[in-house]
Amino acid sequence: MKGQNLTIREDFRRDGLAANFLADRILMEYDAKAFPGSIINVGYPAICSEENKMVRDILHDLKELNIESAVVGHALKSHLDIMAEVIAPYRNASANFWVPISIDFISRTLKKIPKRFLIMP
C-alpha cells in the first residue's frame with residue numbers, strides 16, 4: 001500500500017461500541033449519529049465474504065460522519081492484509097487487531113518465536 005500513512009496506537013479496547021455479527025448498516029449509522037466522536041467497531045472483514053461485504057457497506061455509509069469506524073481482526077497476516085485493504089479508502093477508519101500475549105499463542109498466531117521480537121525476562 002504505497003503512499004499510505006500508518007499510525008499505530010496502543011489502545012486497550014476490545015469491543016468498544018460494538019454490535020454483534022448481525023448488526024446492519026442502519027443500526028451502525030444510528031450508533032454513529034448517537035455517539036459522535038466515538039470509536040465504533042463495525043465488523044470482522046476477514047471472517048467471511050458476507051461479513052466483508054457488510055463491513056465495506058458500513059464503512060461507506062459512515063465515511064462522512066464524525067466517528068472512527070474500526071474493523072476488527074487478529075494479528076495474522078491474512079487478517080491484516082484484508083483490514084488494510086478495506087479501510088484504505090476512508091479517512092475515518094482504522095484496524096483494531098489483537099496481538100496474543102501468551103508465548104504459545106504468539107508462536108502459533110504470528111508464526112515467530114517471541115524472543116526474537118519481544119523483551120522477555
Side-chain angles (χ1 to χ4, degrees):
M1 305 202 66
K2 283 186 178 173
Q4 293 290 329
N5 291 325
L6 177 66
T7 302
I8 297 175
R9 295 188 311 237
E10 185 178 0
D11 292 319
F12 186 77
R13 59 179 167 147
R14 170 135 171 117
D15 292 316
L17 296 173
N20 66 31
F21 181 79
L22 300 175
D24 64 6
R25 297 163 74 170
I26 295 168
L27 178 59
M28 288 296 183
E29 187 171 351
Y30 179 83
D31 286 348
K33 288 179 177 176
F35 300 100
S38 296
I39 299 168
I40 299 176
N41 287 348
V42 298
Y44 302 75
I47 286 179
C48 66
S49 60
E50 286 300 311
E51 178 81 353
N52 189 300
K53 181 187 178 327
M54 183 185 74
V55 166
R56 289 173 189 270
D57 291 343
I58 291 168
L59 289 173
H60 178 76
D61 289 352
L62 303 183
K63 69 182 178 187
E64 299 299 325
L65 297 179
N66 179 29
I67 53 100
E68 180 181 327
S69 300
V71 299
V72 183
H74 295 276
L76 296 166
K77 183 169 179 356
S78 61
H79 284 217
L80 296 172
D81 288 344
I82 290 169
M83 289 187 293
E85 190 265 327
V86 167
I87 67 172
Y90 304 103
R91 62 164 185 74
N92 69 333
S94 65
N96 177 10
F97 58 91
W98 301 297
V99 176
I101 57 171
S102 75
I103 292 171
D104 179 54
F105 249 41
I106 290 171
S107 299
R108 287 190 292 138
T109 305
L110 301 180
K111 308 293 189 224
K112 299 208 181 299
I113 299 167
K115 290 182 181 181
R116 293 186 63 203
F117 60 93
L118 294 178
I119 299 170
M120 300 179 72

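Keep in mind that what you see is a predicted model, and the values were worked out from it rather than measured.
- Among residues two or more places apart in sequence or in another chain, the side-chain hydrogen bond (donor to acceptor under 3.5 Å, both in side chains) test is passed with Asp57 by Lys53.
- Between the Asn92 side chain and the Leu62 main chain, a donor and an acceptor come within less than 3.5 Å of each other.
- Considering CD of Glu29 and CG of Asp61, their distance stands at 6.0 Å, rounded to 0.5 Å.
- Counting only heavy atoms from C-beta outward, the side chains of Lys33 and Leu65 approach each other to under 4.5 Å.
- The shortest heavy-atom contact between Ala93 and Leu59 is CB-CD2, 4.0 Å.
- In this structure, Asn96 and Ala70 approach most closely via the heavy-atom pair CB-CB, 4.1 Å.
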Phe97/Leu80 under side chain to side chain contact (heavy atoms under 4.5 Å, CB included): CA gap, chis, key distance, verdict: CA-CA 8 Å; Phe97 58 91; Leu80 296 172; 3.7 Å; yes

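- Taking the side-chain hydrogen bond (donor to acceptor under 3.5 Å, both in side chains) definition, one finds that Asn52 meets it with Arg56, sequence neighbours left out.
- When every heavy atom of His74 is checked against every heavy atom of Met83, the shortest pair comes out as O-CE, 4.2 Å.
- Here the CD1 atom belonging to Ile87 is positioned 12.5 Å from the CD1 atom belonging to Ile82, to the nearest 0.5 angstrom.
- Put simply, the side chain of His79 never gets that close to the backbone of Ala46: no donor and acceptor are under 3.5 Å apart.
- The OG atom of Ser69 sits 8.5 Å away from the CE atom of Met28 when rounded to the nearest 0.5 Å.
- When all heavy atoms of Val86 and Pro45 are compared, the closest pair comes out as CG2-CB, 4.1 Å.
- The nearest pair of heavy atoms linking Glu68 to Ser94 is OE2-OG, 2.5 Å.
- In this structure the side chain of Val42 never reaches within 4.5 angstrom of the side chain of Met54, judged on heavy atoms.
- Considering every non-hydrogen atom in both Ile67 and Gly37, the closest pair reads CG2-N, 4.0 Å.
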